[in-house]
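To start, the structure under review is shown below, and the notes come after it.
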There are 4 protein chains.
Amino acid sequence: MPKLGAEPIRKAALINAAIATVGRAGSLDVTVAQIAREAGMSSALAHHYFGSKERIFLAAMRHILTQYGTSTRTALRGAGTPQDRLRAIVGASFDSANFERETIAAWLNFYALALVEPEAARLLRVYHRRLSSNLLVALRPLAGAGAERIARTLGALIDGLYLRAALSNEADAAAAERTTLDYLEKVLP
Amino acid sequence: MPKLGAEPIRKAALINAAIATVGRAGSLDVTVAQIAREAGMSSALAHHYFGSKERIFLAAMRHILTQYGTSTRTALRGAGTPQDRLRAIVGASFDSANFERETIAAWLNFYALALVEPEAARLLRVYHRRLSSNLLVALRPLAGAGAERIARTLGALIDGLYLRAALSNEADAAAAERTTLDYLEKVLP
Amino acid sequence: MPKLGAEPIRKAALINAAIATVGRAGSLDVTVAQIAREAGMSSALAHHYFGSKERIFLAAMRHILTQYGTSTRTALRGAGTPQDRLRAIVGASFDSANFERETIAAWLNFYALALVEPEAARLLRVYHRRLSSNLLVALRPLAGAGAERIARTLGALIDGLYLRAALSNEADAAAAERTTLDYLEKVLP
Amino acid sequence: MPKLGAEPIRKAALINAAIATVGRAGSLDVTVAQIAREAGMSSALAHHYFGSKERIFLAAMRHILTQYGTSTRTALRGAGTPQDRLRAIVGASFDSANFERETIAAWLNFYALALVEPEAARLLRVYHRRLSSNLLVALRPLAGAGAERIARTLGALIDGLYLRAALSNEADAAAAERTTLDYLEKVLP
DNA sequence: AATGAATGAGGATTCATTCAT
DNA sequence: GATGAATGAATCCTCATTCAT
């Protein structure tokens with residue numbers, strides 16, 4: 001009695017397992033068997049659904065970025081003023097759900113994957129562009145011509161804070177958010 | 001062939017080869033044989049001198065951080081005013097020697113190693129603390145109580161710019177430096 | 001190919017192959033690949049089932065000792081008098097099945113393993129104790145207080161004959177058995 | 001200033017080191033480097049003197065057997081009656097100098113070497129023959145036609161006691177000697 | 001005589017991946 | 001759909017041995 005719609009469920013389980021396993025290991029050097037065990041299935045089945053380890057990683061990365069995109073979009077829905085929009089974007093970035101140490105560690109490792117895997121690089125570029133564009137829309141009314149540079153700085157700052165959070169023992173989302181907002185206050189008129 | 005005193009020469013060659021190989025591959029997933037070939041020797045000799053692959057990586061990381069520390073110290077020597085000191089530190093960070101894509105890629109991967117390897121984490125903490133302390137010395141006369149936060153922001157910003165440079169096709173050191181200095185101008189009275 | 005329940009079959013094949021390979025080589029210095037080839041499978045599968053070379057050896061040793069224990073027990077079943085029991089034990093020891101040169105060579109090498117491997121030492125102690133206890137039960141009615149010493153002597157004598165058989169070109173089970181029984185005749189009233 | 005006569009000194013040091021190292025390790029699986037370090041020299045020098053690891057082992061084995069032969073001969077010198085001769089031979093076998101656990105372990109391992117190395121087997125045969133002949137000379141006046149069998153039994157018994165001593169935690173030379181002499185008393189008229 | 005330097009060969013172990021059931 | 005079985009390929013590491021000095 002094969003369950004109906006087993007595929008999406010299994011795939012989702014594997015994606016979550018991949019993120020958890022990589023996050024816990026702190027490295028992409030995890031075996032398909034480990035991921036599959038974490039997902040409660042055989043490694044053969046993992047291959048059946050994804051075809052290769054690489055594809056599991058890419059799907060996991062896509063999932064992380066999609067999730068981030070969704071949470072940003074949701075946060076933006078209630079934002080009226082440009083200031084609200086900025087705060088929403090920053091808030092989504094440091095949402096505690098994305099800011100647990102293990103998640104960040106997975107994230108950092110998938111980031112490094114982009115150095116090796118063109119598709120991972122592509123995904124990252126999409127995310128960067130989207131974040132940039134969101135920031136620009138909010139910044140332009142406030143900073144005019146300076147918006148571009150502020151957006152670039154902001155993006156780098158957020159990534160840098162993530163990076164350091166990945167290495168600290170307890171990642172402090174609130175502090176990271178405050179640092180970012182503080183920058184914005186200083187830099188906007 | 002067995003010149004006396006080969007050890008330091010061979011070790012240095014291996015360290016450089018490790019950085020180059022990891023940088024080119026974009027990943028720590030390189031074999032000792034690759035590193036050794038790049039260094040012009042057998043993998044057995046690499047093991048003879050370092051004992052393990054891990055130790056080669058740690059030595060390479062130590063080398064990168066030491067080099068960075070040295071270039072910072074050198075740059076600081078000629079700096080009189082606090083502003084000069086800040087510019088010297090930032091300049092050393094984005095020195096073109098440290099800012100080739102491959103070097104950054106190696107750097108990013110060694111960064112990720114710290115998630116897994118306690119000794120790598122320790123090295124990184126030392127570097128962070130030293131950078132932070134250098135920045136504070138320069139910032140305190142300029143920003144007083146706000147120095148702490150600015151230093152933290154600056155550190156994260158530099159790391160974030162590195163991260164993004166690692167992923168872009170041509171890393172633009174000058175642009176990264178300008179972004180950083182621009183932040184400082186805005187944030188300092 | 002993947003018949004269900006392959007595990008016990010494969011494990012048994014590997015155990016026999018290990019004994020044969022070690023016996024033929026006359027040394028524990030055999031590769032897992034050799035054992036696996038002898039057993040008709042890849043070395044990877046051997047590792048899959050046993051985890052390590054050491055574990056293969058221990059299983060082989062356990063097998064040899066178990067087999068010896070079983071043949072002793074079987075022989076004892078039909079033995080009525082103490083004299084019969086003694087003859088049964090000695091007969092089982094020099095049973096031609098256990099007394100082929102290759103088997104003895106394997107045995108000797110596993111013996112040496114006990115110097116290095118605590119688990120192998122434990123197995124051997126169990127075997128020694130059991131043999132000793134079997135001998136004592138049979139000797140006490142015949143030798144009373146002297147039973148202990150005779151048992152000890154008998155055990156050493158059997159081991160010594162094995163040792164020499166391992167080194168002679170054709171191991172002569174009958175002669176070894178005769179030597180042992182002769183000792184018993186002389187020493188028992 | 002090369003020391004005169006360094007060669008025999010170095011060789012002797014290596015032989016002793018080989019016995020000690022093998023005895024301590026409980027296995028022939030020791031490296032030339034370990035033996036050389038124990039002997040206080042480089043592994044290259046060990047090769048210079050012996051040519052190969054195998055040859056070191058053979059020399060060590062030869063040394064053990066020669067030493068045993070010498071101690072037997074010495075003991076026999078003061079022996080007048082056949083009974084004295086027997087006691088001398090047995091006494092030499094269980095001399096406390098040859099009966100330390102490490103020495104026995106080395107001995108057992110060199111024994112196993114004979115399964116693999118024809119020259120080692122030859123050495124062992126020589127030793128067996130010599131022991132046998134010594135025993136026969138002493139036994140013939142006491143046991144006549146039965147001398148052969150007793151000699152064979154005695155040889156096996158001694159080896160068996162060695163074997164068991166190698167595996168026990170504290171080898172008890174006195175007990176082993178008593179067991180052997182006790183056998184002789186029982187078996188001789 | 002003595003050694004550091006150097007390497008080729010080899011071996012245990014791991015793992016992604018395939019396949020029959 | 002699901003999995004146990006199976007393996008080829010790869011990798012780290014070790015070590016006996018050689019050689020120039």
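Convention: sequence-line order gives letters A, B, ...; per-chain numbering from 1.
At the phosphate of F:dA6, OP1 or OP2 sits under 4.0 Å from a side-chain N or O atom of C:R10.
Near DNA chain F, meaning a heavy atom under 4.0 Å from it, residues 42-57 of chain A has A:S42, A:A44, A:L45, A:H48, A:Y49 in order of number. At a non-hydrogen distance threshold of 4.0 Å, B:V30, B:T31, B:V32 from residues 16-41 of chain B come into contact with DNA chain F. The stretch residues 110-117 of chain A has no heavy atom under 4.0 Å from DNA chain E, so no residue of it qualifies as close.
Applying the side-chain contact (heavy atoms from CB on, under 4.5 Å) test to D:V116 and every residue at least two apart in sequence or in another chain returns C:S27. Checked against side chain to side chain donor-acceptor pair (under 3.5 Å), A:R125 has no partners two or more places apart in sequence or in another chain. Contacts of C:A105 classified as side-chain contact (heavy atoms from CB on, under 4.5 Å), with partners at least two apart in sequence or in another chain: D:L115. The side chain to side chain donor-acceptor pair (under 3.5 Å) search around B:R10 returns none, not counting sequence neighbours. B:E100 meets the side chain to side chain donor-acceptor pair (under 3.5 Å) test with no other residue; sequence neighbours excluded.
Taking CG of A:L45 as the reference point, atom CZ of A:F50 lies at 10.5 Å (rounded to 0.5 Å).
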Side chains of residues 28-36 of chain D: which donor-acceptor pairs under 3.5 Å do they make with residues two or more places apart or in other chains?
unit_1	atom_1	unit_2	atom_2	d
D:T31	OG1	D:A33	N	3.4
D:T31	OG1	D:Q34	N	3.0
D:Q34	OE1	D:T31	N	3.1

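Legend: side-chain hydrogen bond (donor to acceptor under 3.5 Å, both in side chains) pairs involving residues 37-56 of chain D, not counting sequence neighbours, sorted by first then second residue: D:R24-D:E38. Sorted by first and then second residue, the side-chain hydrogen bond (donor to acceptor under 3.5 Å, both in side chains) pairs involving residues 105-114 of chain C (not counting sequence neighbours) are C:Y111-C:H128, C:Y111-C:D159.
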Practice item. Show your reasoning for whether side-chain contact (heavy atoms from CB on, under 4.5 Å) applies to B:Q67 and B:R62. Key: CA-CA 8 Å; B:Q67 197 173 257; B:R62 211 171 284 129; over 6 Å; no
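Minimum interatomic distance between C:A112 and D:L108 (heavy atoms only, all atoms of both residues): CA-CD2, 4.5 Å. In plain terms, the two heavy atoms of A:L124 and A:A114 that are nearest each other are CD2-CB, 3.7 Å.
In DNA chain E, runs of at least 3 consecutive Watson-Crick or G-U pairs, each pair with both distances below 3.5 Å, span E:2-21 with F:2-21.
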